Structure formats: structure tokens, C-alpha cells
Asks: 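Would you mind keeping the following structure in view while I ask a few things?
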Amino acid sequence: MTRPFLFGTNFKMNQTPSESAAFYTRLTETVKIPKDVNLFIIPPFTSLAAVTDAAQTGPDALWIGAQNVHWASDGAYTGEISVPMLAALGIDLVLLGHAERRRDFHETDANLNKKVHAVLAAGLRVLLAVGETAEERAFAVSEETVARQLKIALHGVADIERATSLVQIAYEPVWSIGAGGTPAKPDDIDPVANAIRRTLAAVLGEPGANVPILYGGSVDPSNAGSFTALSDIDGLFVGRAAWTVEGFLATFKASLAGRNEGDRVSG
Ligand code: PEP
């Protein structure tokens with residue numbers, strides 16, 4: 001069984017609609033995507049229509065993602081966006097549980113479980129972010145933390161037909177992401193990625209083995225390949241380094257080189 005290789009970026013609260021559409025167009029005109037690889041970009045909500053328009057007039061080569069969603073399909077939820085609204089725009093993927101949303105907007109695992117079910121029921125892909133804080137790491141509960149996050153957020157998913165083929169996990173240690181983050185070493189990531197793989201098997205059964213696990217946190221062209229060489233890592237979820245087309249391409253290229261290296265090592 002070969003899992004697909006995924007690579008993408010989350011723009012966070014950056015880029016206007018025209019900037020995001022220009023990024024999409026330039027990237028799709030430049031990038032060469034190998035057969036078993038999927039690329040994605042996750043612009044802010046206000047850019048989604050401009051980017052899906054660009055995908056209609058130009059090459060429809062990337063998955064386009066949203067940074068969050070509400071679990072209800074409609075209702076009195078001022079400031080929120082629903083799954084049917086994203087589906088109507090032609091969105092492919094929804095990021096759920098990013099560390100900034102957990103930290104700043106009190107996103108809980110139980111609410112993430114409702115969101116996961118809402119997204120999967122509509123047949124859209126989920127990119128579920130998990131990861132331990134610096135404090136949890138210091139107390140040596142990184143593996144327990146990600147297992148707990150996965151067990152709650154993915155509770156009940158195994159019962160939904162086709163659902164596991166729509167799930168991907170982003171492992172993002174909170175201590176390694178963003179401008180104040182400490183870049184991780186592959187040896188930090190490997191045991192937690194193994195724990196994620198074991199938990200996916202426990203929660204989703206055999207199909208859990210097909211769920212891609214991406215690594216994210218202070219990735220750039222200099223270290224991308226060291227993470228993708230790990231046997232449980234199936235791609236990268238990149239912030240700052242991929243916010244220019246040149247940076248996206250350079251980091252993607254380095255990630256593919258590491259992946260090929262990892263394939264040689266593991267035979
Ligand atoms: C992130 O915040 O999800 C992230 C991966 O950011 P960066 O690559 O900038 O550390």
C-alpha cells in the first residue's frame with residue numbers, strides 16, 4: 001500500500017483575494033506535480049471565491065482548502081461559515097484544529113469531532129491538526145496528547161462509509177510552529193508520528209493505515225527532506241516558508257528529495 005504524498009500551505013490571516021488568486025495562478029503555471037502527489041493551499045475565507053474562480057479559468061491542479069468551519073449547516077452563529085457554504089464554492093479540503101484556533105479561539109476536541117463529522121458527511125476532505133504544547137512535551141506526554149486529540153476528534157468516523165479516504169492528519173508540535181517556534185529534529189517527530197499511526201489503526205481499523213500524516217512546524221527548504229524521509233510522514237504542511245511561490249516550490253522540491261531518500265533507506 002502506498003499512501004499519497006501531500007504538500008501544502010496555510011496562508012493564515014494573510015493575502016487579499018487578488019493576491020491569493022495570483023499565487024494560485026503562478027503556482028499552477030510553474031509547478032510540476034508528480035503522479036501520486038497532491039498539493040493544496042488554504043487561503044483565508046475572503047480569498048476562497050477568487051481562488052476557486054482562478055481554478056475554473058486556469059488549471060484545476062491544487063486542492064483548495066478553508067481554515068475552519070462551523071459544525072451546523074446554518075443558523076444563528078454570527079461570524080461563522082458552514083460546510084454547505086464551502087461546498088457551494090467548490091472547496092476540496094477543510095483544516096480543523098490548527099494550534100492557533102485551539103489556543104486563541106478555545107477550539108475543543110469535542111467540537112472538532114462535530115466539525116469532522118459535518119465535513120465528512122458533505123464528502124469534503126478533512127485536514128485535522130494535532131500536536132502537543134511545550135509543556136506537554138516537557139512532561140513527556142506528547143504521544144498521549146496526540147492520541148487523545150485523535151481519539152476524540154475522530155470518534156465515530158470508522159462507522160461512516162468512505163470517510164477514512166477523506167481524512168489526513170497534520171502533526172504540528174505547538175512548540176515548533178510559527179515565528180516563535182523552535183525547529184524540531186526528525187528524532188523528535190518520529191516517535192510521535194509512530195504513535196499517530198498506531199492511534200489511527202486503533203480508531204479507524206485497517207483503513208487507518210492509508211491515512212496520510214503530514215508534518216508541520218518551522219519547515220523550510222533546509223530541513224524539509226529530513227522530515228519526509230521518515231517512514232510515517234507522508235508530506236508537509238508549511239506556513240511561512242511557503243507564502244511565496246518561490247518558497248513553496250523550493251520547499252516542495254526539498255520535500256520530494258527527502259521522500260525519495262526515505263524510500264531508498266526503507267527499501
Ligand atoms: C503552522 O503554523 O501551521 C506552521 C506550520 O507554521 P510555520 O511553518 O510557519 O512554522
Side-chain angles (χ1 to χ4, degrees), residues 5-15 19-20 23 27 38-45 47 62-69 93-107 109 112 115 125-137 142 145-146 149-150 153 167-186 188-190 192-193 196 212-228 230 232-256 258-259:
F5 185 83
L6 307 180
F7 182 95
T9 186
N10 163 22
F11 290 171
K12 305 191 181 183
M13 198 173 70
N14 296 296
Q15 301 215 13
E19 288 167 344
S20 303
F23 183 105
L27 180 61
N38 290 304
L39 301 184
F40 62 90
I41 61 169
I42 308 187
F45 284 130
S47 289
L62 310 186
W63 290 348
I64 300 165
Q67 297 179 13
N68 182 31
V69 78
L93 172 89
V94 184
L95 170 63
L96 294 176
H98 188 275
E100 288 152 11
R101 295 214 54 86
R102 293 177 186 264
R103 182 194 64 202
D104 300 334
F105 302 100
H106 315 294
E107 190 89 83
D109 291 311
L112 286 169
K115 295 182 179 196
R125 294 183 176 86
V126 165
L127 176 60
L128 174 66
V130 297
E132 79 283 2
T133 61
E135 188 182 40
E136 286 159 339
R137 181 177 187 232
S142 303
T145 300
V146 296
Q149 291 170 336
L150 288 168
V167 174
Q168 21 275 310
I169 306 301
Y171 170 45
E172 300 207 296
V174 181
W175 50 270
S176 81
I177 66 170
T182 309
K185 300 268 178 303
D188 300 319
I189 301 315
D190 201 30
V192 191
I196 292 173
I213 302 172
L214 284 64
Y215 173 69
S218 296
V219 171
D220 62 27
S222 74
N223 63 11
S226 69
F227 299 116
T228 52
L230 298 173
D232 280 313
I233 295 297
D234 309 304
L236 296 175
F237 186 34
V238 184
R240 292 156 294 156
W243 287 347
T244 62
V245 172
E246 291 68 27
F248 187 108
L249 291 169
T251 315
F252 175 47
K253 196 170 158 202
S255 74
L256 287 179
R259 177 203 196 197

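Order of appearance sets the numbers: ligands from 1, and atoms from 1 within every ligand. Just so you know, these numbers use all the heavy atoms, side chains as well, and skip hydrogens, waters and symmetry mates. Since the structure is predicted, the reported quantities are computational estimates derived from the model, not experimental observations.
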Asks: Kindly assign one of parallel, tilted or perpendicular to the pair F23 and F11, based on the angle between their ring planes and the thresholds 30° and 60°.
Replies: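 Perpendicular.
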Asks: For residues E132 and W175, is any side-chain donor paired with an opposing acceptor at under 3.5 Å?
Replies: yes
Asks: What does the N/O contact table under 3.5 Å look like for ligand 1?
Replies:
{"from": "ligand 1", "atom 1": "2 (O)", "to": "K12", "atom 2": "NZ", "distance (Å)": "2.5"}
{"from": "ligand 1", "atom 1": "2 (O)", "to": "H98", "atom 2": "NE2", "distance (Å)": "3.2"}
{"from": "ligand 1", "atom 1": "3 (O)", "to": "H98", "atom 2": "NE2", "distance (Å)": "2.8"}
{"from": "ligand 1", "atom 1": "3 (O)", "to": "E172", "atom 2": "OE1", "distance (Å)": "2.9"}
{"from": "ligand 1", "atom 1": "3 (O)", "to": "E172", "atom 2": "OE2", "distance (Å)": "2.8"}
{"from": "ligand 1", "atom 1": "8 (O)", "to": "G239", "atom 2": "N", "distance (Å)": "2.8"}
{"from": "ligand 1", "atom 1": "9 (O)", "to": "R240", "atom 2": "N", "distance (Å)": "2.9"}
{"from": "ligand 1", "atom 1": "9 (O)", "to": "R240", "atom 2": "NE", "distance (Å)": "2.5"}
{"from": "ligand 1", "atom 1": "9 (O)", "to": "R240", "atom 2": "NH2", "distance (Å)": "3.4"}
{"from": "ligand 1", "atom 1": "10 (O)", "to": "G178", "atom 2": "N", "distance (Å)": "2.8"}
{"from": "ligand 1", "atom 1": "10 (O)", "to": "S218", "atom 2": "N", "distance (Å)": "2.8"}
{"from": "ligand 1", "atom 1": "10 (O)", "to": "R240", "atom 2": "NH2", "distance (Å)": "3.0"}

Asks: Distance from I189 atom CD1 to I196 atom CD1, nearest 0.5 Å?
Replies: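 These two atoms lie 9.0 Å from each other.
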Asks: Could you tell me if the ring centre of F40 sits under 6.0 Å from that of F237?
Replies: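 Yes, they do, as the ring centres are separated by less than 6.0 Å.
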Asks: Check for a donor-acceptor pair, side chain of T251 on one end and backbone N or O of G247 on the other, with a separation under 3.5 Å.
Replies: yes
Asks: Y215 and S176: side-chain donor and acceptor closer than 3.5 Å?
Replies: yes
